[in-house]
Protein chains: 2
Amino acid sequence: MMTFWRHGYEATTTRMLEEATGVGIRGLFNAFGNKEKLFHTVLARYFDTVHAQLAQVFAMPGRDAIDAVFAGFSAPDPPDAISHAGCLMVNTVFELERTDETVRAQVAAYRALWKTSFADALARDGISDADTRAEFLVGALWGALGQIKLAGDKAAAVPMAEVIRSTVRTW
Amino acid sequence: MMTFWRHGYEATTTRMLEEATGVGIRGLFNAFGNKEKLFHTVLARYFDTVHAQLAQVFAMPGRDAIDAVFAGFSAPDPPDAISHAGCLMVNTVFELERTDETVRAQVAAYRALWKTSFADALARDGISDADTRAEFLVGALWGALGQIKLAGDKAAAVPMAEVIRSTVRTW
DNA sequence: TTTGTTTTGCAACGCTTGATGTAAAATTGG
DNA sequence: CCAATTTTACATCAAGCGTTGCAAAACAAA
């Protein structure tokens, strides 16, 4: 997962996966069939990881949860994070969405996870137009991840995140 | 430019460029040196195109100009547009930023073009905190382009654009 | 241990990629 | 019209890719 995250799908060679996993190319193909299916498994794992994290964050009251998400850009990276690699799913959209339908569906599900999390949080706080505003928040979040990708630094998304937070507060 | 736009850098083969230009692979290499330099020329051309368009749009009063940018998502595509290909520069960030420094610089310049356009427009209207808010607008714009990439349809970015426009209006 | 199955190591395959060498064809300049 | 230069066409190169065959090694079951 880390290797695909860092380098993307195409740029990750089977030789790199050998080294990263220490498994040997023959073992990987026996276990997963081919590179594509292995990547699908990677995306599923990524989804589950974030899903678990979101469940924790959005257990907070709606406004606090949303605030916490964007406050995360100001916080230092945890030690095991891949700095400036952005989000694996967002990266994947730009690389594979056009060619791979399975991946497209997986990314869409991931996006839906975020959107409903936001929408539920807003609705819980009695915010009107929760659906449209959740759509905005997802887009803004993904835009912030684009900043990180370009600048190569998580801090680059901080100004944007601040405006988003104050916008949410006015709601 | 269209071919790189549609398929990205890596997925665009020299054979595809042959067919798209009708020039013959040897001619392309004689003229541009290699695929990388050809792509740099493509990005420069894209930059110039958008630069000229922005000069027109931002000749309007600040608030109208910004509104027009995001209103563009609701408008039908011009006939020669590549629907759901998003923005060549944004796409490129996610594909090449990590490996190619020249491209990285070109995309950064493109992003700066948008940011100063927004910041100038806001400042012209006497909006406070123009710089931070311009940063937000660029990020939000790029996020909207991500929506397009994922959904495969320009209309997918409309709800988000609407929230952005109303946010700008409250400023 | 013995038998049957799974996993590993190694080499190699077929294919596609970006890029060239070479010589004919087209263009240019006087 | 002719000589000098540029552009084309065609075959081809070396390198890297995902993937597989095969046999040895490791493991599991009894």
Side-chain angles (χ1 to χ4, degrees), chain A residues 1-47 82 85-86 88-89 91-107 149, chain B residues 1-47 82 85-86 88-89 91-107 149:
Chain A
M1 185 177 83
M2 296 297 184
T3 307
F4 277 120
W5 196 346
R6 267 180 237 266
H7 304 97
Y9 178 78
E10 296 282 0
T12 298
T13 71
T14 55
R15 275 80 173 178
M16 292 165 68
L17 294 173
E18 254 188 310
E19 194 178 2
T21 61
V23 169
I25 199 62
R26 201 55 235 247
L28 290 174
F29 274 87
N30 279 348
F32 296 97
N34 56 28
K35 185 187 172 187
E36 202 178 320
K37 288 180 187 169
L38 170 53
F39 187 64
H40 296 161
T41 308
V42 163
L43 286 187
R45 182 178 180 82
Y46 187 87
F47 182 98
I82 304 180
L88 174 57
M89 291 283 184
N91 299 350
T92 302
V93 175
F94 284 89
E95 189 181 356
L96 289 181
E97 174 256 332
R98 298 293 294 282
T99 53
D100 189 322
E101 283 197 41
T102 305
V103 168
R104 190 186 140 104
Q106 289 184 283
V107 178
K149 254 285 182 180
Chain B
M1 185 177 82
M2 296 297 183
T3 307
F4 277 120
W5 197 347
R6 269 182 237 265
H7 305 96
Y9 178 78
E10 297 282 1
T12 298
T13 70
T14 54
R15 272 81 173 177
M16 291 165 69
L17 293 173
E18 251 187 312
E19 193 179 3
T21 61
V23 168
I25 198 62
R26 200 56 234 248
L28 290 174
F29 274 87
N30 279 348
F32 295 98
N34 56 27
K35 186 187 172 187
E36 202 178 320
K37 288 181 188 169
L38 170 54
F39 187 63
H40 295 161
T41 308
V42 162
L43 287 186
R45 182 179 180 81
Y46 187 87
F47 182 99
I82 304 180
L88 174 58
M89 291 284 184
N91 299 351
T92 301
V93 175
F94 285 89
E95 190 181 354
L96 289 179
E97 175 255 331
R98 298 293 293 282
T99 53
D100 189 322
E101 283 197 40
T102 305
V103 168
R104 189 185 140 104
Q106 288 184 284
V107 178
K149 254 284 182 180

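Only this structure's heavy atoms are used, side chains among them; waters, hydrogens and symmetry mates stay out. To find a chain, count down the sequence lines: A is the first, B the second, and so on, and within it residues start at 1. Being a predicted model, the structure only gives us computed values, none of them experimental.
On the nucleic acid side, DNA chain D has its first and last nucleotide under 4.0 Å of a heavy atom of chain B at D/dT8 to D/dT12, going 5' to 3'. Taking every nucleotide of DNA chain C with any atom under 4.0 Å from a non-hydrogen atom of chain A, the first and last of them, 5' to 3', are C/dT8 to C/dA12.
Residues A/Gly22 and A/Arg15 both approach DNA chain C. Their nearest nucleotides, taken by heavy-atom distance, put A/Gly22 toward the 5′ side. Toward the 5' end of DNA chain C, the nearer of the two residues B/Ile25 and A/Gly24, judged by each one's closest nucleotide, is A/Gly24.
Here the shortest heavy-atom pairing between A/Thr102 and A/Asp100 reads N-OD1, 2.9 Å. Heavy-atom minimum distance, B/Gln106 versus B/His40: NE2-O, 3.1 Å. The two residues A/Phe29 and A/Lys35 have their closest heavy-atom pair at CE2-N, 4.2 Å.
Take B/Thr41 and apply the side chain to side chain contact (heavy atoms under 4.5 Å, CB included) test, not counting sequence neighbours, and it matches B/Phe32. Checked against ring pair (Phe, Tyr, Trp, His ring centres under 6.0 Å), A/Phe47 has the following partners two or more places apart in sequence or in another chain: A/His51. Among residues two or more places apart in sequence or in another chain, the side-chain hydrogen bond (donor to acceptor under 3.5 Å, both in side chains) test is passed with A/Asn34 by none.
The CE atom of A/Met1 sits 12.0 Å away from atom CG of A/Leu38, with the distance rounded to the nearest 0.5 Å. The line from OG1 of A/Thr92 to OH of A/Tyr46 is 8.5 Å long, rounded to the nearest 0.5 Å.
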Starting from the C-alpha separation in whole Å, work towards a yes-or-no answer on side-chain contact (heavy atoms from CB on, under 4.5 Å) for A/Glu18 and A/Thr14. CA-CA 6 Å; A/Glu18 254 188 310; A/Thr14 55; 6.0 Å; no
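A/Thr14 comes within 4.0 angstrom of a base, heavy atoms only.
Within a heavy-atom distance below 4.0 Å of DNA chain D, the residues of residues 26-37 of chain A found are A/Arg26, A/Phe29, A/Asn34, A/Lys35.
Taking 4.5 Å as the limit, every side-chain heavy atom of A/Phe39 sits out of range of all side-chain heavy atoms of A/Glu36.
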